[in-house]
Amino acid sequence: MVWHHLFLLDINHEKVNGEPEIRLWGLDDTGRRILVFDKVFRPYFYLVLEDDADPEDIGRRVREDRDFIASVESVEAVNRRYFGKSVKTLRVVCRDPDETAKLASHMSKMKGVKMSLEEDIRYAQRYSIDKDVYPCGWHLFEGKEVKNETSASVDKVYFLTAPPKPIEKAETPSLKIMSFSIVCYSKKGSPKPDRNLVVIVSMANNRGETKQFVSKGTDDGGVLKSFVKYVEELDPDIIAGYGSNSHDWPYLLERGKRAGVKLSVDRSRTEPHPSLYGHISITGRANIDLYNYAEDFEEVKVKTLENMAKYLGVLKDEEEIEVEDAEVADYWDDPLKRQTLLQRSVKKAETILRVSESLLDYAMQLSNIVGLPLDYVGAAAVGFRVEWYLIRQAYKIGEMVPSRKENPYFPYVGAIVLAPKPGIHENVSVLDFKSMYPNIMIVYNASPDTYIEPGEPDPPGGVFVAPEVKHRFRKEPPGFYKQVLSDLIRIRSHLKIDLEKTKLGSAEYKVLDARQRAIKVITNASYGYTGWVGARWYIRPVAEATAAWGRYTIKRAIELAKETGLDVIYGDTDSFFVKYDPKKTGTFLRKVEHELSLEIRPDVTYERVFFTEAKKRYAGLLPDGRLEIVGMEVARGDWAEVAKHMQERVLEIILKEQSPEKAVDFVRWYIMDLRNGKVTYSDLIVWKTLTKPVEEYKVNTPHVEAAKMLRKEGWNLTIGDKVGFVIIKGKGRLYERVLPYSLAKYDQLDLEYYEEQQILAAAIRVLSLFGKKEDDLKPRYSPGLSNGIRLGSEKQLRLM
DNA sequence: GCCTGATTTCTACCA
DNA sequence: ACTGGTAGAAATCAGGCG
């Protein structure tokens with residue numbers, strides 16, 4: 001037997017003649033596409049037995065039950081842990097992965113059986129956990145090469161003769177990446193796959209080629225066929241799209257069904273299929289939807305491909321790749337404009353490729369650490385990413401995974417926020433507790449398996465008692481979370497040390513950096529996970545106690561800061577702002593670390609920082625001259641650009657030039673421009689997210705009203721969509737004067753609203769701290785009066 | 001029916 | 001479909017007035 005390399009891209013299972021088999025898809029170290037079979041591994045679940053039950057006896061009953069005999073492969077007694085306690089269990093190995101849930105449910109009702117566990121861990125995932133196999137990671141395996149008797153399009157096929165072993169290998173193989181983007185034609189409203197054609201499919205790949213298939217406008221069967229053929233020939237490892245899980249793939253599949261074209265774009269000649277977390281699986285390849293990753297970039301407020309690409313620096317600011325949904329038909333129908341549409345569509349595919357290249361290192365590292373295949377991990381919400389990581393770690397220490405159940409939601413008290421000292425402060429240092437919550441869980445051993453329920457006696461090793469809430473956690477042995485979190489933090493700090501020794505910008509640097517970022521994401525989400533009612537390991541007191549220790553920690557730190565003579569200006573959760581004083585700060589840091597066993601570190605020092613009276617809002621001037629604006633309108637996605645831009649300049653003037661007078665002047669000029677119609681239309685659009693279905697809103701709001709209008713026009717709008725609207729002239733409430741931005745004209749706009757409720761509101765937030773009133777910010781005269789400014793109210797007349 | 005202040009609803013932010 | 005704390009706008013409610 002020979003050892004072979006495997007870089008794992010995808011893992012799935014098939015049933016062949018009723019026998020399940022695991023298929024590992026990937027590449028070897030020579031770049032060949034390989035498929036590796038494991039026909040031996042079988043799915044299983046656990047039966048947890050009553051303390052006084054006899055495992056032998058129950059095992060026999062399971063084995064001999066005629067209802068089970070055909071489905072059960074074997075039963076063995078094993079000792080596992082559940083919430084840290086040793087329990088007697090039976091491992092029931094099944095023949096068919098589709099039957100585990102049903103079998104578990106039947107057997108859990110047997111006498112002497114408390115419950116079943118882990119029947120809901122899917123077969124392929126089970127395999128990768130148990131065999132220590134990692135997506136986006138290298139392995140060595142021993143296998144026998146066999147003839148490719150499947151329909152799989154790969155270079156080599158192997159049967160495993162020994163399980164794969166993960167190996168350390170930082171470089172990623174050279175993967176073939178293909179991106180695609182489709183254009184669907186609908187005269188009016190959202191294209192409907194039951195009647196509207198796919199008129200353009202554009203593709204790009206990382207070999208520098210682009211390709212486009214265009215319909216003649218009468219059917220799209222040909223386009224679909226060409227697309228499928230192209231994918232088959234190119235045989236990409238990764239297919240990237242933007243919004244492809246929710247839109248492109250479902251659309252293509254439906255069109256394919258209607259046109260009689262089988263979308264066999266995967267490596268086993270089947271069609272893409274819906275899978276976990278709303279993701280579409282393409283067997284043998286990784287189908288990634290970059291829109292999923294846009295969620296991780298909270299700086300990008302409206303998550304269009306164009307905005308993402310520009311943020312990532314793979315598209316120039318002046319480049320346009322989008323055609324508004326509402327205008328697609330227009331472009332298609334006009335022979336001249338159609339050229340633009342075709343060009344932008346290719347450009348879009350190329351942009352998707354560029355974005356994928358810039359995100360792929362991170363995505364692959366996340367996949368590798370979490371242990372979910374590359375394409376699933378993006379689609380999985382943060383809570384599930386943490387959970388799959390935990391599940392893998394639990395397996396390693398013999399801890400069984402709790403079943404997901406419905407927990408009632410009771411909120412608990414969280415962090416402390418100090419009221420800031422309003423105004424401008426010079427030289428202010430920000431001090432941060434490093435990963436405060438994870439470290440609290442480590443220091444106080446707070447974990448689902450160390451929690452001691454009320455009424456239970458203290459264990460001999462002693463307990464940590466959380467302040468205020470008084471929850472107890474055993475000091476020994478180290479809990480599940482403590483182990484997991486210490487590992488994550490330790491691995492990350494090693495990575496950071498390695499990074500310093502690695503050449504900046506090199507491929508290895510990018511991978512290591514992506515890895516440490518992925519670890520950070522998981523670590524930082526761990527506290528939130530403990531308080532999530534949907535979590536498998538949800539134990540409310542763990543979250544509540546961690547928060548309580550957090551409050552204690554920052555309170556105590558502030559006391560120590562004051563004792564040391566530091567001037568505390570503001571604080572929030574795990575950080576606080578003090579007047580710069582390196583000597584006292586040094587003393588203070590040592591005191592904190594000594595007393596609290598938590599590391600606290602100076603972060604930035606602002607040359608100047610500005611606070612209003614509000615918490616969670618401030619603006620600081622960094623030593624390099626940049627502004628850091630936190631929480632204020634500038635940082636928000638639901639204010640018109642006009643107000644944000646104005647406020648940013650005001651803050652800049654205040655912090656750099658320290659001249660409120662100049663800022664006032666600036667605001668006046670700004671308002672003049674608005675009144676004179678010099679502000680771009682797009683800067684007057686307000687964007688808000690639909691957080692629930694349109695019908696479920698209890699009150700009328702502008703964005704919901706705008707959404708309803710769009711819906712009447714035939715556009716699909718769902719939860720999570722951003723609605724762009726403008727306020728127009730007229731009578732009544734805002735929601736009675738709103739239009740989706742695509743349905744309004746500039747001269748309909750209520751500029752008074754933008755002046756008062758957007759610009760002035762955002763300006764006064766800053767300038768009221770310098771004694772300014774709204775009236776001070778208004779221009780003294782209005783040259784724009786005659787052309788288009790509506791004098792709608794007495795108030796408006798007065799200001800003129 | 002109109003005005004006003006209090007309360008509720010909603011979104012998006014910070015840590 | 002990770003947590004709680006928070007600001008702020010707008011809608012809506014409740015009560016007074018007449």
Side-chain angles (χ1 to χ4, degrees), chain A residues 276-278 292 295 298-299 301-302 379-387 389-390 404 406-407 409-420 430 432-438 521-538 540 542-544 546-548 550-551 553-554 570-577 603 612-618 628-640 643-644 686-692 696-705 719-720 722-723 727 732-738 753 756-758 761-762 764-765:
Chain A
L276 239 45
Y277 313 125
N292 293 147
E295 297 297 316
E298 76 285 354
E299 306 92 320
K301 307 290 176 187
V302 182
V382 183
F384 293 106
R385 293 178 186 170
V386 172
E387 192 154 76
Y389 181 77
L390 291 175
R404 201 177 295 289
E406 289 224 355
N407 295 305
Y409 169 71
F410 296 114
Y412 61 89
V413 183
I416 288 180
V417 190
L418 304 183
V430 181
D432 274 320
F433 278 100
K434 231 179 89 184
S435 303
M436 187 177 78
Y437 287 132
V521 165
I522 300 301
T523 311
N524 288 348
S526 58
Y527 156 73
Y529 176 83
T530 68
W532 172 36
V533 287
R536 287 175 185 262
W537 273 283
Y538 174 70
R540 188 171 171 275
V542 176
E544 200 174 22
T546 305
R551 293 193 295 275
T553 300
I554 190 159
Y570 174 63
D572 183 352
T573 312
D574 59 356
S575 73
F576 53 105
F577 293 49
D603 188 10
T612 67
E613 274 159 10
K615 297 170 174 180
K616 295 187 182 279
R617 304 185 141 216
Y618 56 87
E628 204 159 74
I629 300 173
V630 179
M632 313 208 58
E633 282 69 14
V634 176
R636 296 181 64 94
D638 58 349
W639 281 72
K644 301 204 299 176
V686 177
W687 294 89
K688 271 196 164 73
T689 311
L690 288 177
T691 59
K692 50 189 155 193
E696 282 176 26
Y697 281 87
K698 289 183 187 153
V699 294
N700 296 311
T701 72
H703 77 299
V704 173
E705 210 50 41
I719 301 180
K722 278 237 194 304
V723 184
I727 301 299
R733 304 274 195 181
L734 281 189
Y735 71 85
E736 295 168 305
R737 306 193 279 123
V738 67
Y753 163 78
E756 297 275 337
Q757 306 305 124
Q758 292 278 335
I764 206 67
R765 191 101 54 230

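Basis for what follows: all heavy atoms, side chains included, without hydrogens, waters or symmetry-related copies. Keep in mind that what you see is a predicted model, and the values were worked out from it rather than measured. The sequence lines fix the lettering, A, B, ..., with proteins before strands; numbering per chain opens at 1.
Of the inter-residue distances, the one linking Lys722(A) atom NZ with Asp638(A) atom CG reads 8.0 Å to the nearest 0.5 angstrom. Arg551(A) contributes atom CZ, which lies 14.0 Å from atom CG of Asp574(A) (distance to the nearest 0.5 angstrom). Here the straight-line distance linking atom CG of Asp572(A) with atom CG of Leu418(A) works out to 8.0 Å at 0.5 Å rounding.
Among the protein residues, Tyr697(A) comes within range of the sugar-phosphate backbone only, with heavy atoms under 4.0 Å from sugar or phosphate atoms but none that close to a base. Base contact: Arg733(A) has a heavy atom under 4.0 Å from a base atom. Nucleic acid contact class of Ala525(A) (heavy atoms, under 4.0 Å, all strands): base. Using a 4.0 Å heavy-atom cutoff across all strands shown, Val386(A) reaches no nucleic acid atom at all. Tyr409(A) comes within 4.0 angstrom of the backbone, heavy atoms only, and of no base. Within 4.0 Å (heavy atoms only), Val704(A) reaches no atom of the nucleic acid at all. The residue Gly637(A) sits close only to the backbone: its heavy atoms come under 4.0 Å of sugar-phosphate atoms, none of a base. Residue-level contact check: Gly531(A) touches the backbone only, with heavy atoms under 4.0 Å from sugar-phosphate atoms and none from bases. Contacts of Tyr618(A) with the nucleic acid, taken as non-hydrogen atoms under 4.0 Å apart, involve only primed sugar atoms and P, OP1 or OP2. Backbone-only engagement by Tyr753(A) is indicated by non-hydrogen atom pairs under 4.0 Å involving sugar-phosphate atoms exclusively.
Side-chain atoms of Lys301(A) come within 3.5 Å of backbone N or O of Ala635(A) as a donor-acceptor pair.
Using a 4.0 Å cut-off, some side-chain N or O of Thr691(A) falls inside it from OP1 or OP2 of dT11(B). The phosphate of dG8(C) (OP1 or OP2) has no side-chain N or O of Lys616(A) nearer than 4.0 angstrom. A close approach under 4.0 Å does not occur between any side-chain nitrogen or oxygen of Gln758(A) and OP1 or OP2 of dA9(C). Between Arg617(A) and dG8(C) there is a side-chain polar atom (N or O) within less than 4.0 angstrom of OP1 or OP2. Note on His703(A): a side-chain N or O is less than 4.0 Å away from OP1 or OP2 of dT11(B). Note on Asn524(A): every side-chain N or O is 4.0 Å or more away from OP1 and OP2 of dC2(C). For dA9(C), one of the phosphate oxygens OP1 or OP2 lies less than 4.0 angstrom from a side-chain nitrogen or oxygen of Arg765(A). Within the 4.0 Å cut-off from OP1 or OP2 of dA12(B), at least one side-chain nitrogen or oxygen of Thr689(A) is found.
Rounded to an integer number of Å, the gap from CH2 of Trp639(A) to P of dG8(C) is 9 Å. Spacing between atom NZ of Lys698(A) and atom P of dC13(C) amounts to 12 Å, rounded to whole angstrom units. Straight-line distance from the CD atom of Glu756(A) to the C1' atom of dA9(C): 14 Å, rounded to whole Å. Spacing between atom CD of Glu298(A) and atom P of dC14(B) amounts to 8 Å, rounded to whole angstrom units. Rounded to whole Å, the distance from CZ on Arg636(A) to P on dA10(C) is 12 Å. Atom NZ in Lys615(A) sits roughly 11 Å away from atom P in dG5(C) (whole-Å rounding). We find that CG of Leu690(A) is positioned 8 Å from P of dT11(B), with the value rounded to whole Å. Counting to the nearest Å, the P atom of dC2(C) and the CD1 atom of Ile522(A) are 12 Å from each other.
Comparing atom distances between the Asp572(A) side chain and each of dC2(C), dT11(B), dC14(B) picks out dC14(B) as nearest. Distances were taken from every side-chain heavy atom of Ala381(A) (C-beta onward) to each of dA1(C), dA11(C), dG5(C); the shortest belongs to dA1(C). Taking every side-chain heavy atom of Asn700(A) into account, dA11(C) is the closest of dA15(B), dA11(C), dA9(C). When the nucleotides dT11(B), dC2(C), dA15(B) are ranked by their closest atom to the side chain of Val630(A), dA15(B) comes out on top. Comparing dA12(B), dC10(B), dT12(C) by their closest approach to the side chain of Tyr735(A) singles out dT12(C).
Counting heavy atoms from C-beta outward, Asn700(A) and Arg733(A) have side chains that stay 4.5 Å or more apart. Side-chain contact between Tyr753(A) and Leu734(A) is present, with at least one heavy-atom pair separated by less than 4.5 Å.
Atom C1' of dT9(B) sits at a distance of 23 Å from the matching atom of dC2(C), rounded to the whole Å.
For the pair Ala415(A) and Tyr277(A), both in contact range of DNA chain C, the more 5′-proximal nearest nucleotide belongs to Tyr277(A). When each of Tyr527(A) and Ala614(A) is assigned the nucleotide of DNA chain C with its nearest heavy atom, Tyr527(A) is the one assigned upstream, toward the 5' end.
Ion pairing between Glu633(A) and Arg617(A) holds under the 4.0 Å rule for side-chain N and carboxylate O.
Of the residues Thr546(A), Thr530(A), Asn524(A), the one that meets the side chain to side chain contact (heavy atoms under 4.5 Å, CB included) test with Tyr437(A) is Thr546(A).
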